[in-house]
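Down below is the structure, laid out as structure tokens.
All figures in this text were calculated on a predicted structure; none of them were measured in a lab.
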Amino acid sequence: MPGFFFSHNNMTELNGKEDCKLAKDKVHKKKQKAFGADLKSYLKCMLPHIDSGIKTSNSRNVMLSAEEVIQWSLSLEKLLASQSGQGVFREFLKSEFSEENIEFWLACEDYKKTKSDHLHGKAERIYEEFVQSDAIKQINIDYQMREATAKKAQDPTHTSFDEAQKTVYILMERDSYPRFLKSKSYLNLLNQLQTNTSK
């Protein structure tokens, strides 16, 4: 079945196609206004690779189908369960200058899998990067949640960030996710995949 191929780890190595790499780099550097045009350029660069996939040196390829992209519209949970979905949603959040939400959510998912003897270091990193009041990628939680999370992070357990993660998830679910489903980036990707499937 035709589809796009995304790498789990590295989407910048595109068989030596420098123009595709430049288009990808532009997606990260442009402001929200130009996001749609840059994503369109990036996706166009990927079209020749539909049959062969995007080759990367250190990871397996993942096929992205119209069916999978349709599944993303069923719930935020289904979107975040997909590696490709996480990547596309992250790019959308970057265009809205709110990528800290998914980055925090993913950091919490990783944190829950951490061995007990490494919890303290990871808890400190997550707290400093996302929770503390002057964090570079500060998440949008209220003062009480921030203080409660700070206390839990000082004596970390696997559930130290659960409440803050749930709050950020609900924020994404109610705010960013509905806009993502109506965005040109999502609708254009879905349309392109459906067009390729019907050929």
Please walk me through it: do S84 and W72 pass side chain to side chain contact (heavy atoms under 4.5 Å, CB included)? CA-CA 10 Å; S84 300; W72 298 350; 4.0 Å; yes
Check whether I170 and L106 end up in the same hydrophobic cluster, where Ile, Leu, Val, Met, Phe, Trp and Tyr are linked by side-chain heavy atoms less than 4.5 Å apart. no
Spacing of E100 atom CD and Q138 atom CD [to the nearest 0.5 Å]: 9.0 Å
Could you report the tightest heavy-atom contact between T149 and S160, atom names first, then the distance? CG2-O, 4.2 Å
Beyond-backbone contact of R90 with E103, side-chain heavy atoms, under 4.5 angstrom: yes
When hydrophobic residues are tied together by side-chain contacts of less than 4.5 Å, even through go-betweens, does L190 share a cluster with F92? yes
Considering only heavy atoms from C-beta outward, does the side chain of E77 approach that of E173 to under 4.5 Å? no
Roughly how far, to the nearest 0.5 Å, is the CG atom of L80 from the CH2 atom of W105? 4.5 Å
Please determine whether a side-chain nitrogen of the Lys or Arg among K166 and D162 lies less than 4.0 Å from a carboxylate oxygen of the Asp or Glu. no
As a quick check of understanding, evaluate salt bridge (charged side-chain N to carboxylate O under 4.0 Å, His left out) for R146 and D142, giving each step before the final call. CA-CA 6 Å; R146 195 172 308 283; D142 64 30; over 6 Å; no
Rounded distance (nearest 0.5 Å) linking atom OG of S185 with atom CD of E91: 9.5 Å
Under 4.5 Å between any side-chain heavy atoms of V168 and N140, yes or no? no
Please report the interatomic distance CD(Q194) to CG(L187), rounded to the nearest 0.5 Å. 10.0 Å
Ignoring hydrogens, what is the shortest heavy-atom contact between A123 and A153? Give both atom names and the distance. CB-O, 4.0 Å
List the steps and the verdict of side chain to side chain contact (heavy atoms under 4.5 Å, CB included) for S116 and H158. CA-CA 8 Å; S116 295; H158 285 96; 3.6 Å; yes
Assigning hydrophobic clusters by single linkage (Ile, Leu, Val, Met, Phe, Trp, Tyr; side-chain heavy-atom cutoff under 4.5 Å), is L93 placed with L171? no
Are S82 and E68 close enough, and set up right, to give a side chain to side chain donor-acceptor pair (under 3.5 Å), and what steps lead you there? CA-CA 8 Å; S82 162; E68 179 179 357; 2.5 Å; yes
I'd like to know if I70 and L193 are part of one continuous hydrophobic network [Ile/Leu/Val/Met/Phe/Trp/Tyr, side-chain heavy atoms within less than 4.5 Å]. yes
About how many Å separate CG of D134 and CD of E128, when rounded to the nearest 0.5 Å? 9.5 Å
Do Y186 and S73 touch side chain to side chain, with heavy atoms closer than 4.5 Å? yes
Carefully, step by step, assess Q71 and L74 under the rule side chain to side chain contact (heavy atoms under 4.5 Å, CB included). CA-CA 5 Å; Q71 289 292 309; L74 299 178; 3.3 Å; yes
Show your reasoning for whether side chain to side chain donor-acceptor pair (under 3.5 Å) applies to E109 and Q165. CA-CA 9 Å; E109 289 297 292; Q165 184 186 23; 2.8 Å; yes
CD1 (I136) with more than 12 external heavy atoms under 6.0 Å: no
Salt bridge or not between E99 and K94? Use side-chain N to carboxylate O under 4.0 Å. no
State the OG1-CG distance between T114 and D110, to the nearest 0.5 angstrom. 5.0 Å
Taking the side chain as every heavy atom from C-beta outward, state whether Y111 and L119 have any pair of such atoms under 4.5 Å apart. yes
Is any side-chain heavy atom of V131 closer than 4.5 Å to one of F104? yes
I want to check something: taking the side chain as every heavy atom from C-beta on, are N101 and Y169 in contact at a cut-off of under 4.5 Å? no
Can you classify the ring geometry of Y177 versus F89 as parallel (below 30°), tilted (30 to 60°) or perpendicular (above 60°)? perpendicular
Min side-chain heavy-atom separation P156-E124 under 4.5 Å: no
